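Following: one structure in structure tokens, then a few remarks.
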6 protein chains.
Amino acid sequence: MKLSTRNQLKGTIKKIDGNEITSEVLIDVGGQEMCAVITTGSVKRLELAIGDRVRALVKATSVMVLKE
Amino acid sequence: MKLSTRNQLKGTIKKIDGNEITSEVLIDVGGQEMCAVITTGSVKRLELAIGDRVRALVKATSVMVLKE
Amino acid sequence: MKLSTRNQLKGTIKKIDGNEITSEVLIDVGGQEMCAVITTGSVKRLELAIGDRVRALVKATSVMVLKE
Amino acid sequence: MKLSTRNQLKGTIKKIDGNEITSEVLIDVGGQEMCAVITTGSVKRLELAIGDRVRALVKATSVMVLKE
Amino acid sequence: MKLSTRNQLKGTIKKIDGNEITSEVLIDVGGQEMCAVITTGSVKRLELAIGDRVRALVKATSVMVLKE
Amino acid sequence: MKLSTRNQLKGTIKKIDGNEITSEVLIDVGGQEMCAVITTGSVKRLELAIGDRVRALVKATSVMVLKE
């Protein structure tokens, strides 16, 4: 199974909060934190839990660049 | 200046390719690669170049989770 | 600090509603209303309040066109 | 015909550039500029041209907030 | 009225759930299910109800491809 | 392997066009057409070709609703 999604960052879930519709999943990616807002339906379907090894997926067209 | 954008991953530009409209910027983020598709207008306006220290920004609602 | 994000519309916050996960921020942009759905975590971190002068940011690939 | 899309900003097309796949449409929205990247197929199908009165549509979940 | 949005899938609403900010709308599209997360404000403004004939709109840049 | 992405529409590729950066992939989904704009890099990496059985993936927050 192959995905066109260009960004597939390996990480570990460190926190999950949610209400009945949307949930916020915090993922540690090599020491940097990522936040995914997904449906609570998906949190349940994937049985996501703290400590899970996951990939944070992001389509390339959704990435912006900030230059300091 | 503060941004609502939850994901701000620090990295270094390692490659830029583009045509007159869109460009693909590859960013090394702690050993993992990210790909941003942005307008070539923005590449020029920010004077992006290989080696630049940047942040890859992603809105939390654009992040998906893959569980292996 | 420079952002690749092409759309940066100046406006003023006129209403904020939210639950524990997501919030809806209404912004007056030159007499037209914009609505941003962001995490409530960001509303708190940026200490957003009615009357704040802000910019509504939108990536160019997220804009569609309707012709009447 | 009604759209769930919360952001529908009225404006006028002032420039169109493109290649065979993607095009960049610049829209004047009350004196502020918006940039939409859409497929060139849509530019042709809608017969978009400079001077056209259009609406720039943006889903609320695609809007971020920057506070200065 | 013409939309640049390339994906306009015809379907029928089969379920709506929501809280005060966001709602989840399930749409049957030719036997396959689609899920839209939109603001509850839009659900009310469009008076969406089970059985409504609607179109699920998706910008082409938001579509990814999975190959099995 | 499980994905949080709520929309996974089964279809068949019927056309691929592209330049060096972005490509447009047309997918037949039960008689309705979907268009995905992805990087040409992904088209090559997945070796996408006409006739391939694929899934068109769309995050629920990227779906809008149009009511006629």
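Here the structure is a predicted model, which means the values were calculated and not measured. Computed from heavy atoms alone, side chains included, the values below leave out hydrogens, waters and symmetry copies. Order of the sequence lines sets the chain letters (A, B, ...), proteins ahead of strands, with each chain counted from 1.
- Checked for salt-bridge contact, D/Arg6 and C/Glu24 meet the test: a charged N lies under 4.0 Å from a carboxylate O.
- The two residues C/Leu9 and C/Met34 come nearest to each other via the heavy atoms CD1-SD, 3.5 Å.
- Comparing C/Lys59, C/Glu68, C/Glu33, C/Gln32 by heavy-atom pairs within less than 4.5 Å of chain D, the highest count is held by C/Gln32.
- You'll find the side chain of C/Asp52 stays beyond 4.5 Å of the side chain of C/Leu46, heavy atoms only.
- The candidate with the highest count of non-hydrogen atom pairs below 4.5 Å against chain D, out of C/Ala36, C/Cys35, C/Ala56, C/Gly31, is C/Cys35.
- Contact record, D/Asp17 with D/Lys15: OD2-CE, 3.2 Å, taken as the closest heavy-atom pair.
- Looking at C/Glu47, the atoms closer than 4.5 Å to chain D (heavy atoms on both sides) sit in the backbone and in the side chain alike.
- Proximity to chain C is limited to the side chain of D/Ile38, based on heavy atoms less than 4.5 angstrom apart.
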